[in-house]
2 protein chains.
Amino acid sequence: MLGEFEYLLITATASPGDEAYGAAIREEIQKNTRRSCSIGALYTTIDRLEQKGLLRTWMGAATPERGGRSKRMVRVTSKGVAAAKDFYQAVTRISQGASWVTGRAGEVS
Amino acid sequence: MLGEFEYLLITATASPGDEAYGAAIREEIQKNTRRSCSIGALYTTIDRLEQKGLLRTWMGAATPERGGRSKRMVRVTSKGVAAAKDFYQAVTRISQGASWVTGRAGEVS
DNA sequence: TAATTAGTTCTACATTGTGGTTCTAATCTG
DNA sequence: CAGATTAGAACCACAATGTAGAACTAATTA
């Protein structure tokens with residue numbers, strides 16, 4: 001089963017509307033969640049997910065900006081999408097009836 | 001942030017309709033998720049959650065059954081409920097727009 | 001009094017989470 | 001051109017969570 005941060009990373013990467021590469025994914029994460037994402041957390045998790053075949057990465061060309069280094073492009077594989085879906089469904093399923101979902105403070109019926 | 005299994009455990013414990021004690025929680029988890037939960041996973045996680053103040057446990061009386069040993073009763077604290085709610089909301093929030101939620105394979109609009 | 005049994009305790013190791021420091025190669029400045 | 005500056009990635013270290021299973025405890029049963 002995916003971890004929560006792995007799920008977050010896959011989701012941010014799969015998010016349409018932006019080129020997915022390391023630093024951009026990090027910004028996406030920080031913007032969406034308002035929690036900081038360290039560089040280490042980012043790339044170690046990318047590495048691990050690629051190992052597991054849930055992401056695919058390749059080096060893109062360098063951009064013509066000051067300091068512009070070649071980017072590590074990232075794409076979620078179909079296996080990665082499946083894993084994310086599993087995680088989401090598991091959490092959703094588990095949560096059925098929980099008071100923090102229904103707002104009913106733990107009633108039975 | 002809670003881990004996924006921690007969340008599962010809190011949710012199973014908070015689930016109404018059963019006395020929450022170690023072995024029963026384990027059965028609840030296995031029944032609800034169809035995945036096995038080892039004894040070690042169960043009690044180490046209970047210990048850790050109690051350390052963090054998200055659960056409270058105490059020893060109940062022995063039941064008059066063959067082998068009936070006193071049970072470790074478990075209750076989710078209000079802090080535990082809050083943590084579970086946080087986890088759930090984080091996952092829900094992250095997931096907005098994901099193709100595995102909308103079923104639209106990553107469209108933009 | 002030995003066998004059986006519900007339930008828990010304890011130990012060990014694998015996987016994920018998280019932060020920061022260092023390295024790389026490109027543009028900019030003088 | 002040499003040094004300063006900068007976007008971006010690689011790497012290292014350690015903490016927190018996940019997961020298994022063997023050993024222990026105390027009660028009932030035969």
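Just so it is clear: chains get the letters A, B, ... in the order the sequence lines come, proteins before strands, and each one is counted from 1. Since we're looking at a predicted model, the values are computed, not measured.
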What is the distance, to the nearest angstrom, from the [atom1] atom on [X] to the [atom2] atom on [N]?
X     : N      : atom1 : atom2 : answer
B:I25 : C:dA6  : CD1   : C1'   : 15 Å
A:M1  : D:dA20 : CE    : P     : 12 Å
A:I46 : D:dA10 : CD1   : P     : 9 Å
A:F5  : D:dG18 : CZ    : C1'   : 18 Å
A:I39 : D:dC11 : CD1   : P     : 14 Å
A:I29 : C:dT18 : CD1   : P     : 11 Å
A:I94 : D:dG18 : CD1   : C1'   : 14 Å
B:M59 : D:dC24 : CE    : C1'   : 13 Å

Which nucleotide in the list [options] gets nearest to the side chain of [X]?
X     : options               : value
A:R35 : C:dT18, D:dA9, C:dG19 : C:dT18
A:S38 : C:dG19, D:dA9, D:dG18 : C:dG19
B:R72 : C:dT9, D:dA10, C:dG17 : C:dT9
A:Y21 : C:dT8, D:dG18, D:dA9  : D:dA9
B:Y43 : C:dT8, D:dG18, C:dT16 : C:dT8

Under the salt bridge (charged side-chain N to carboxylate O under 4.0 Å, His left out) test, which residues partner B:R72, sequence neighbours left out?
-> B:D47, B:E50

Within one Ile-Leu-Val-Met-Phe-Trp-Tyr cluster: B:W58 and B:Y21, side-chain cutoff 4.5 Å |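 Cluster IDs for B:W58 and B:Y21 match.
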
Same apolar cluster (I L V M F W Y, side chains within < 4.5 Å links), A:L9/A:V81 |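 Yes; A:V81 is reachable from A:L9 via cluster members.
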
What residues in residues 47-58 of chain A put a non-hydrogen atom under 4.0 Å from any atom of DNA chain C?
->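 The stretch gives A:R48, A:K52 as the residues lying under 4.0 Å from the strand, ordered by number.
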
If each of B:A23 and B:T44 is mapped to the nucleotide of DNA chain C with the nearest heavy atom, which maps nearer the 5' terminus, i.e. the 5' end?
->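 This one resolves to B:A23.
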
Which residue, A:L42 or A:E65, contacts DNA chain C at a nucleotide closer to its 5' end, judged by nearest heavy atom?
->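 Of the two residues, A:L42 wins.
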
Heavy atoms under 4.0 Å, any strand shown: does [X] hit a base, just sugar-phosphate, or nothing?
X     : value
B:G3  : sugar-phosphate
B:G40 : base
A:L2  : nothing

What are the two closest non-hydrogen atoms of B:Y43 and B:A23, and how far apart are they?
-> OH-N, 3.7 Å

Specify the closest pair of heavy atoms between B:G22 and B:V74, including all atoms of both residues, with the distance to one decimal.
->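 Looking at all heavy atoms of both residues, the closest pair is N-CG2, 4.4 Å.
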
Does any non-hydrogen side-chain atom of A:L8 lie less than 4.5 Å from one of A:I29?
-> yes

Any donor-acceptor pair under 3.5 Å from B:S95 side chain to B:A98 backbone = no

A:R35, CZ atom: more than 12 neighbouring heavy atoms under 6.0 Å | yes

